[in-house]
A.B. asks: 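Handing you a structure now.
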2 protein chains.
Amino acid sequence: MTLTSHQPVTLHQVAEAAGVSVSTASRALNGRAKTYRISERAVENVQREAQRLGFRPSLLARSLQSQRSGLMGVVVPDVSNPFFAAIAREVTLQAETQGMSVLLADSRETTSVETKLVDELRARRVEALVVCPVGTESQHLMDADDAGIPLVVIDRCFPETSMTSVLSDNVGGARRGLQQLLNHGHTEIGCLQGLPGTLPNQQRLTTIRQTMEEAGLTFADSLLAGDNFTEQSGYESTLQLLTSHPEISALFAFSTPNAFGALRAAEELGRSVPDDLSVVTFDDSPFADFMRVPLSTVSQDVERLGRTAAEVILKQLRTGKKPRKRTHTIPVKLIPRHSIAKVQS
Amino acid sequence: MTLTSHQPVTLHQVAEAAGVSVSTASRALNGRAKTYRISERAVENVQREAQRLGFRPSLLARSLQSQRSGLMGVVVPDVSNPFFAAIAREVTLQAETQGMSVLLADSRETTSVETKLVDELRARRVEALVVCPVGTESQHLMDADDAGIPLVVIDRCFPETSMTSVLSDNVGGARRGLQQLLNHGHTEIGCLQGLPGTLPNQQRLTTIRQTMEEAGLTFADSLLAGDNFTEQSGYESTLQLLTSHPEISALFAFSTPNAFGALRAAEELGRSVPDDLSVVTFDDSPFADFMRVPLSTVSQDVERLGRTAAEVILKQLRTGKKPRKRTHTIPVKLIPRHSIAKVQS
DNA sequence: AAGCAATGCACAAACGTTTGTGCAGAATAT
DNA sequence: ATATTCTGCACAAACGTTTGTGCATTGCTT
């Protein structure tokens, strides 16, 4: 015997059971009883029957009629990455406080998938979008923006457009991270970069160049390696840098996985951290304090990134106007641990 | 000048622009042209206009009409917990392959919120639900199950009901983890449990008792502590256990945060791991290999938990019948690292 | 030239809500 | 007793799709 999978109860059925019309039932349940003069008796009947039948208004139908889906789209490259998971969580929590629901999409670090997903979300009539773009492609985002969909991008910025951005203070972070190395006497510093071409990456690089120059040093391009924020990129770049430039005494990794890759490579090359190689990294891991080599870190406030994005977008939804502020910069925190040592002169 | 936030283009507008009726436009776009005899010319017109106007069919309207929302609900206690993030990801990826979207909800480790969220998702007419329940409450889940909504719960099991469960092999895991300690000569073993009352916790406990007895030992209730899978619970329980039972030489933590708490407490008490205290833990962290004390672990295959849940539920959706198999058990893997030492006799 | 099939489309109902309006009957006023 | 207001509700349209059916027109057959 297969259980008949019942259809959900409709307002029609409730109305019938209560002996009133659908419109009356609707108003009875939505508290419009006074303004529309529904009798007490009718209201009670309707409520009782709704209760008894387990009526749950279809938000699909409601959305269609009200032109408000109550949905928010969130697109991230990889939900299982703690960075994006934290963002997804904050946005979700904020959305829930407003009775909105979150449609979560995972772009698998693929721009074409990201484009497809944004399209899908728009088809579902999300009222707002929070996107952590994979790369530098922005057409699909501009399209959504042009269509008037409130849109916030995190950790990216497309200056020529009118989108709102939420970013960490990459300039300040890069400066302080590098300064930390300089303070310990390091002058030969390699960089493991993330995605070239993205604004955060550029900001970090130019800040590093500038800070070096201010210190009377120069940053040679050959000391820059990497093309992604993965462990693999960090590993390979470190191997390459340390073999071609053995004089390097410190590495600035632009992501925690990069740093992990660096640790692995350093170990293979017989250079121990921090004694034979100092490392400072952007990003932070909740487990950093339990690390074999506790990484000194420029820590991004991921929760605040997500929360700010959600707040900005919810405010835009409430007020109906685009926020005047295009870019929100979230402070970072320098967390010195034990992956930096004084340079041995 | 505020940009007018345009309404999305409707099929009506496309039809009008193409000079045909709405129904014709619909069929032209949905490939029903041959069976419904729409002229080539009309099809081309419609497609061209749809393209030109940027038409995106409203999935809301489509869902309402087709009685298929294409939505899948996922409820987890904390998205930013790597365990749940991985599950959310796998389900999302699977859903995306089927053109379904995922509504993500975060219950903030609160049963009442979980209930509210399940209700909300049902109102949105999700076609299926994947839930990682916070606690032992199951009424809201039974309701959904009774309503015929395909439902899979992960890491929980409610034997009296007809829901499908996906669980790690807690029995095998507990046995192998404990055996590992026994093999190293430990006999005084404390347990840091997770949520009492949940099936996984019970399975682990009874397996431990049984395995101890098989080894000719007994497991005293006073060696059991903890009431949650948090770092805090692990910390406090360890302090309590090690002070009241200093003879304890090994701890079995039921979660990684528990183990972290244990490490912190052990350090405070001046007992170093693994020399003065062995630790084995359930669960695994992607960073385990970089830990100061690389934790020996009974590793759950989180991806597979999530993927299995998604597959089971998608299959149920395709075939329309409840799966005969009520419980899916996912194997675990023992990963020996360096948190277990031979007992010093 | 009449009959008939095939072609190409429009009309309308339906999905489940919300909401503007109209219309009885009762109550009150004159 | 008649006019007016108030009360309590039902009807119908709308949101944007899909889909069953009906109806011209065209073309072919004989």
Side-chain angles (χ1 to χ4, degrees), chain A residues 6-47 49-50 53-71 120 122-127, chain B residues 6-47 49-50 53-71 120 122-127:
Chain A
H6 344 255
Q7 300 301 330
V9 178
T10 74
L11 189 56
H12 188 87
Q13 298 170 38
V14 174
E16 189 156 293
V20 298
S21 75
V22 186
S23 50
T24 299
S26 171
R27 293 193 247 250
L29 291 174
N30 292 336
R32 306 223 178 288
K34 299 96 198 167
T35 43
Y36 277 90
R37 299 168 316 210
I38 311 292
S39 66
E40 288 251 332
R41 208 176 53 81
V43 172
E44 282 166 14
N45 277 344
V46 171
Q47 288 179 342
E49 294 304 315
L53 297 172
F55 171 67
R56 255 173 250 275
S58 162
L59 293 192
L60 287 179
R62 226 211 280 271
S63 297
L64 183 60
Q65 133 77 27
S66 68
Q67 302 283 73
R68 298 212 35 229
S69 67
L71 293 175
E120 165 94 9
R122 290 182 61 183
R124 292 202 185 269
R125 298 296 186 261
V126 292
E127 292 182 50
Chain B
H6 345 253
Q7 300 301 330
V9 178
T10 73
L11 188 55
H12 188 86
Q13 298 171 37
V14 174
E16 188 156 294
V20 299
S21 76
V22 185
S23 48
T24 300
S26 172
R27 293 193 248 250
L29 291 174
N30 292 336
R32 305 223 180 289
K34 299 96 200 168
T35 43
Y36 277 92
R37 301 168 315 210
I38 312 292
S39 66
E40 286 251 333
R41 208 176 52 82
V43 171
E44 281 166 15
N45 277 343
V46 170
Q47 288 178 341
E49 293 303 315
L53 297 172
F55 171 68
R56 256 173 249 275
S58 161
L59 292 192
L60 287 178
R62 228 213 275 274
S63 296
L64 184 60
Q65 134 77 27
S66 67
Q67 302 283 74
R68 297 211 37 228
S69 67
L71 293 175
E120 165 93 10
R122 291 182 60 184
R124 291 203 185 269
R125 298 297 186 262
V126 292
E127 291 182 51

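If you're wondering where the values come from, they're calculated on a predicted model, not measured in any experiment. In what follows, every chain begins at residue 1, and chains take the letters A, B, ... in the order their sequences are listed.
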A.B. asks: Rounded to the nearest 0.5 Å, what's the gap from NE2 on A/His12 to CD on A/Glu16? Could you check?
C.D. replies: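 The distance works out to 5.0 Å.
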A.B. asks: Determine the minimum heavy-atom distance between A/Ala123 and B/Arg56, stating which atoms define it.
C.D. replies: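 Heavy atoms of A/Ala123 and B/Arg56 come nearest at N-CD, 4.3 Å.
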A.B. asks: Given atom CG of A/Leu59 and atom C1' of C/dT17, what is their separation to the nearest angstrom?
C.D. replies: 10 Å
A.B. asks: Output the rounded distance in Å from CG (A/Leu11) to P (C/dT17).
C.D. replies: 5 Å
A.B. asks: Does any N or O in the side chain of B/Arg125 come within less than 3.5 Å of the main-chain N or O of B/Arg122, such that one atom is a donor and the other an acceptor?
C.D. replies: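 Indeed, once roles are kept as given, a pair shorter than 3.5 Å links the two residues.
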A.B. asks: Could you tell me whether the phosphate oxygens of C/dC15, OP1 or OP2, come under 4.0 Å of any side-chain nitrogen or oxygen in A/Gln7?
C.D. replies: no
A.B. asks: Does any N or O in the side chain of A/Ser63 come within less than 3.5 Å of the main-chain N or O of A/Leu59, such that one atom is a donor and the other an acceptor?
C.D. replies: yes
A.B. asks: Establish, with yes or no, whether the OP1 or OP2 oxygen of D/dT18 is under 4.0 angstrom from a side-chain nitrogen or oxygen of B/Ser26.
C.D. replies: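 So the side chain of B/Ser26 is within the cut-off, an N or O lying under 4.0 Å from OP1 or OP2 of D/dT18.
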A.B. asks: Check whether any side-chain N or O of B/Gln67 sits under 4.0 Å from OP1 or OP2 of D/dT18, and answer yes or no.
C.D. replies: no
A.B. asks: Considering the terminal five base pairs at each end of the helix from C/dA1-D/dT30 to C/dT30-D/dA1, what angle separates the two local helix axes, rounded to 10°?
C.D. replies: 70°
A.B. asks: Where along nucleotides 5-10 of chain D does protein come under 4.0 Å, by heavy atom, of base (B) or sugar-phosphate alone (S), with - for untouched nucleotides?
C.D. replies: --BBBB
A.B. asks: Can you confirm whether A/Arg32 is buried at CZ, in the sense that more than 12 heavy atoms of other residues, nucleotides or ligands lie under 6.0 Å from that atom?
C.D. replies: no
A.B. asks: Ignoring hydrogens, what is the shortest heavy-atom contact between A/Val9 and A/Leu53? Give both atom names and the distance.
C.D. replies: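 Answer, listing the atom of A/Val9 first, then A/Leu53: CG2-O, 3.2 Å.
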A.B. asks: Measure CZ/B/Arg62 against C1'/D/dT19 and give the value in whole Å, please.
C.D. replies: 13 Å
A.B. asks: Could you state the atom-to-atom distance from CG of B/Asn30 to C1' of D/dG16 in whole Å?
C.D. replies: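 In whole Å, D/dG16 C1' and B/Asn30 CG are 13 Å from each other.
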A.B. asks: Given D/dC15, D/dT17, C/dT17, identify the nucleotide with an atom nearest to the side chain of A/Leu64.
C.D. replies: D/dC15
A.B. asks: Rounding to a whole Å, what distance do you find between B/His12:NE2 and D/dT18:C1'?
C.D. replies: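 Between C1' of D/dT18 and NE2 of B/His12: 16 Å.
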A.B. asks: Once you round it to whole Å, what is the distance between C1' of C/dG16 and CZ of B/Arg125?
C.D. replies: 9 Å
A.B. asks: Which whole-number value in Å describes the distance from B/Asn45 CG to C/dC9 C1'?
C.D. replies: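 That distance rounds to 13 Å.
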A.B. asks: Determine the minimum heavy-atom distance between A/Ala61 and B/Leu64, stating which atoms define it.
C.D. replies: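 Looking at all heavy atoms of both residues, the shortest contact is CB-CD1, 3.9 Å.
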A.B. asks: Between A/Val43 and A/Ala33, what is the shortest heavy-atom contact and its length?
C.D. replies: CG2-CB, 3.8 Å
A.B. asks: Given atom CD of B/Gln65 and atom P of C/dT17, what is their separation to the nearest angstrom?
C.D. replies: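 Rounding to the nearest Å, CD of B/Gln65 and P of C/dT17 are 15 Å apart.
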A.B. asks: Taking all atoms of both residues into account, what is the closest heavy-atom pair of B/Phe55 and B/Thr10, and its distance?
C.D. replies: CE1-C, 3.6 Å
